[in-house]
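Structure first, commentary second.
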Number of protein chains: 2
Amino acid sequence: MSVQDIIVKLKEHGYKITPQRQEIVNVMAQENRHMTVDDIHGKISARFPNLSVDTVYRNVGVLEQLNMLDRTDFGDGIGRYKLVEDGGHRHHLICLKCGCSEEVDFCPLDYIDQQQIRDKNFAIARHNFEIFGYCARCSKKEE
Amino acid sequence: MSVQDIIVKLKEHGYKITPQRQEIVNVMAQENRHMTVDDIHGKISARFPNLSVDTVYRNVGVLEQLNMLDRTDFGDGIGRYKLVEDGGHRHHLICLKCGCSEEVDFCPLDYIDQQQIRDKNFAIARHNFEIFGYCARCSKKEE
DNA sequence: CTCCTAAACAGGAATTATTCTTAATAAACT
DNA sequence: AGTTTATTAAGAATAATTCCTGTTTAGGAG
């Protein structure tokens, strides 16, 4: 999803485009990896010294609600955010060391037996699927 | 995994069996659902008024390390724990309302194209796969 | 262009899950 | 029974996230 598309979608939903919001989207599009709120805030506050963390939280919240951003937990309870890719829903290989992520062209819901879920009368709302490990660069360093 | 098996495995790894540890395992086996530390602590402190939350954290930590317990995040950054089922690794349908969970007989790693991951030189350490939604009972209540 | 209003903001306080510290306790082995 | 070492309780410390309040501003209307 391009920065432009995101801005358009925000406007469509009645959100104002502030410099802070714009910059948060810019940085996330540029970095294109799972970032903590602190990561995002750090990147931006170099240039905008008084961006509040609350603003970052508020904005990732908005982006998440509009399905333009995924929240992931590496297992430590800290939220990590990444803009969704073009074409919607994707899953990722996530490096536990550097936090980089690569798309993987696979969604388990396409393979699971949907019937067994319907049989249980379970109404699916959403799902998580993340594969954690070490990317090529970081595995090298470990050796 | 039965309570007995868990106790044996703890002993094998040199952990002592204290009443607190025993009781935490009992409650989790009995409830058999994703519980927060607060849930667990609440259940037990009725009978053991001075169980500290730290003890609960410490013990779920131990159980997690020995792969006898899964930590899951419903999306709010709060850890939820559940003993793993007999036969090892499983995935779950998790009710966002009541926290109950049902096993689903499917692991995405059995279906994903492993070659594409090897090609990226990515070393898999672990993975998450959870399906969130509303169980039969809770969907009824929503209507 | 100027005015108006709702949304967004900064700053800091409050909240809350989790971890840490320390001294006391107790499991398990000899 | 005595010793060792892990474990515990209690509360303080830490840190992510949310809340509060007063101020600013984006974007539409006149």
Side-chain angles (χ1 to χ4, degrees), chain A residues 6-27 34-66 69-82 99, chain B residues 6-27 34-66 69-82 99:
Chain A
I6 293 170
I7 299 301
V8 168
K9 194 165 172 184
L10 283 168
K11 280 185 182 166
E12 280 173 6
H13 284 80
Y15 291 100
K16 296 178 177 175
I17 309 305
T18 65
Q20 294 93 332
R21 180 163 286 162
Q22 173 85 54
E23 193 58 17
I24 289 168
V25 173
N26 283 347
V27 165
H34 285 89
M35 303 177 82
T36 63
V37 163
D38 208 53
D39 288 338
I40 300 167
H41 184 261
K43 279 278 168 195
I44 298 177
S45 62
R47 274 169 294 174
F48 293 69
N50 38 2
L51 176 78
S52 76
V53 286
D54 187 49
T55 296
V56 180
Y57 277 105
R58 200 161 359 86
N59 278 291
V60 294
V62 167
L63 293 167
E64 191 181 12
Q65 287 245 319
L66 298 180
L69 174 138
D70 268 336
R71 180 189 192 284
T72 300
D73 177 353
F74 281 24
D76 53 9
I78 300 174
R80 317 224 173 205
Y81 304 88
K82 180 172 187 289
Chain B
I6 294 172
I7 299 301
V8 168
K9 195 165 172 184
L10 282 168
K11 280 184 182 164
E12 279 173 6
H13 284 81
Y15 292 100
K16 296 177 177 174
I17 308 306
T18 65
Q20 294 92 330
R21 180 163 285 162
Q22 173 84 55
E23 192 58 17
I24 289 168
V25 174
N26 283 347
V27 165
H34 285 89
M35 303 176 82
T36 63
V37 164
D38 209 52
D39 288 338
I40 300 166
H41 183 261
K43 278 278 168 197
I44 299 177
S45 62
R47 275 169 294 174
F48 293 68
N50 39 1
L51 175 78
S52 76
V53 286
D54 187 51
T55 296
V56 181
Y57 277 106
R58 200 161 3 83
N59 278 292
V60 293
V62 167
L63 293 168
E64 190 181 12
Q65 287 243 320
L66 298 181
L69 173 138
D70 268 337
R71 180 190 192 279
T72 300
D73 177 354
F74 281 23
D76 53 9
I78 300 174
R80 317 223 174 204
Y81 305 87
K82 180 172 187 289

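Throughout, a chain's letter reflects where its sequence line sits, starting with A, and its residues are numbered from 1.
- For the atom pair CZ of R80(A) and CG of D73(A), the computed distance is 8.0 Å after rounding to the nearest 0.5 Å.
- When rounded to the nearest whole Å, the span between NE2 of H13(A) and C1' of dA26(D) equals 19 Å.
- To the nearest 0.5 Å, atoms CD1 (I44(B)) and CG (N26(B)) are separated by 8.0 Å.
- Atom CZ in F48(B) sits roughly 15 Å away from atom C1' in dT7(D) (whole-Å rounding).
- Sequence order on DNA chain C of the closest nucleotides to N59(A) and K11(B) puts N59(A) first from the 5' end.
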*If a protein heavy atom is under 4.0 Å from the base, mark B; if only from the sugar-phosphate, S; if neither, -; do that for nucleotides 11-21 of chain D going 5' to 3'.*
-----SBBBB-
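- If you measure from atom CZ of R58(A) to atom P of dG12(C), you get 16 Å, rounded to the nearest angstrom.
- For dC9(C), the OP1/OP2 oxygens have no side-chain nitrogen or oxygen of N50(A) closer than 4.0 Å.
- When rounded to the nearest whole Å, the span between CG of L63(B) and P of dT7(D) equals 12 Å.
- Both G14(B) and P49(B) sit near DNA chain D, but only G14(B) has its closest nucleotide nearer the 5' end.
- Listed by first and then second residue, the salt bridge (Lys or Arg N to Asp or Glu O under 4.0 Å) pairs involving residues 42-63 of chain A are E23(A)-R47(A), E31(A)-K43(A), D54(A)-R58(A) (not counting sequence neighbours).
- Counting atom types as modelled, K16(B) pairs a side-chain N or O with a base atom of dT5(D) as donor and acceptor under 3.5 Å.
- Within residues 17-25 of chain A, the residues having any heavy atom closer than 4.0 Å to DNA chain C are, in order of number, T18(A), Q20(A), R21(A).
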*List the steps and the verdict of side-chain contact (heavy atoms from CB on, under 4.5 Å) for V62(A) and H13(A).*
CA-CA 10 Å; V62(A) 167; H13(A) 284 80; over 6 Å; no
*Give the C-alpha distance, both sets of side-chain angles, the deciding distance and a yes or no for side-chain contact (heavy atoms from CB on, under 4.5 Å) between L63(B) and I6(B).*
CA-CA 9 Å; L63(B) 293 168; I6(B) 294 172; 3.9 Å; yes
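- Going from atom NE2 of H41(B) over to atom C1' of dA17(C) covers 14 Å, rounded to whole Å.
- Remark: R71(B) CZ to I78(B) CD1 distance equals 10.0 Å, nearest 0.5 Å.
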*Stepwise, does the side-chain contact (heavy atoms from CB on, under 4.5 Å) test hold for I40(B) with V60(B)?*
CA-CA 10 Å; I40(B) 300 166; V60(B) 293; 4.1 Å; yes
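- One finds no side-chain N or O of S52(A) lying less than 4.0 angstrom from the OP1 or OP2 phosphate oxygen of dG11(C).
- In plain terms, the two heavy atoms of V56(A) and I24(A) that are nearest each other are CA-CD1, 4.0 Å.
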*asked:* As a quick check of understanding, evaluate side-chain contact (heavy atoms from CB on, under 4.5 Å) for L66(B) and Y15(B), giving each step before the final call.
replied: CA-CA 11 Å; L66(B) 298 181; Y15(B) 292 100; 3.9 Å; yes
